[in-house]
A.B. asks: 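For reference, the structure I am asking about is given below.
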Amino acid sequence: YAGLVHMLVNDVGLQVHLFDHGTVHGSPDAVFPNNWFSTTQDGALVLYPMKTPNRRAERREDIVTYVKRLQEHAMSAVGNEAKSGIEREA
């Protein structure tokens, strides 16, 4: 893991942001935020609905706030978990 981060930062030139995950988050899969958000090339933050309640708990406002500050763009939400019927994960 440390080797991957080192390669991405030093060899590829990417900026890497790491977030801690603990039991307080109440979700074992919360270490995979790529399931509930992405960013676009123009800097927009896109949030995706998650099907089950335990997966919805993965969405962390501290990460959303951090990314929004980085992007300085409007956030667009795709769907509504309660109404859309569209889920990101199977």
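Residue indices begin at 1 and follow the sequence shown.
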A.B. asks: Drop me the distance from Ile63's CD1 to His17's NE2, to the nearest 0.5 angstrom.
C.D. replies: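 Ile63 CD1 to His17 NE2: 11.5 Å, rounded to 0.5 Å.
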
A.B. asks: With distance as the sole test, does Arg56 use its side chain to make a donor-acceptor pair with the main-chain N or O of Lys51 at under 3.5 Å?
C.D. replies: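 The answer is yes, because a donor-acceptor pair under 3.5 Å joins these two groups.
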
A.B. asks: Side chains of Val46 and Trp36, heavy atoms from C-beta outward: is any pair under 4.5 Å?
C.D. replies: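 Side-chain contact under 4.5 Å: no.
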
A.B. asks: Of all residues at least two apart in sequence or in a different chain, which pass the side chain to side chain donor-acceptor pair (under 3.5 Å) check with Thr39?
C.D. replies: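 For Thr39, no residue satisfies side chain to side chain donor-acceptor pair (under 3.5 Å) once neighbours in sequence are set aside.
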
A.B. asks: Is there side-chain contact between Phe37 and Leu45, with at least one heavy-atom pair below 4.5 Å?
C.D. replies: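 Of all side-chain heavy-atom pairs linking Leu45 with Phe37, at least one is under 4.5 Å.
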
A.B. asks: Are Val9 and Gln15 close enough that some pair of their side-chain heavy atoms sits under 4.5 Å apart?
C.D. replies: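 The answer is no, as the side chains (C-beta and beyond) never meet within the 4.5 Å cut-off.
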
A.B. asks: Any donor and acceptor pair, going by atom type alone, linking the side chain of Arg59 with main-chain N or O of Tyr48 inside 3.5 Å?
C.D. replies: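 Checking the backbone N and O of Tyr48 against the side chain of Arg59, a donor-acceptor pair under 3.5 Å is found.
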
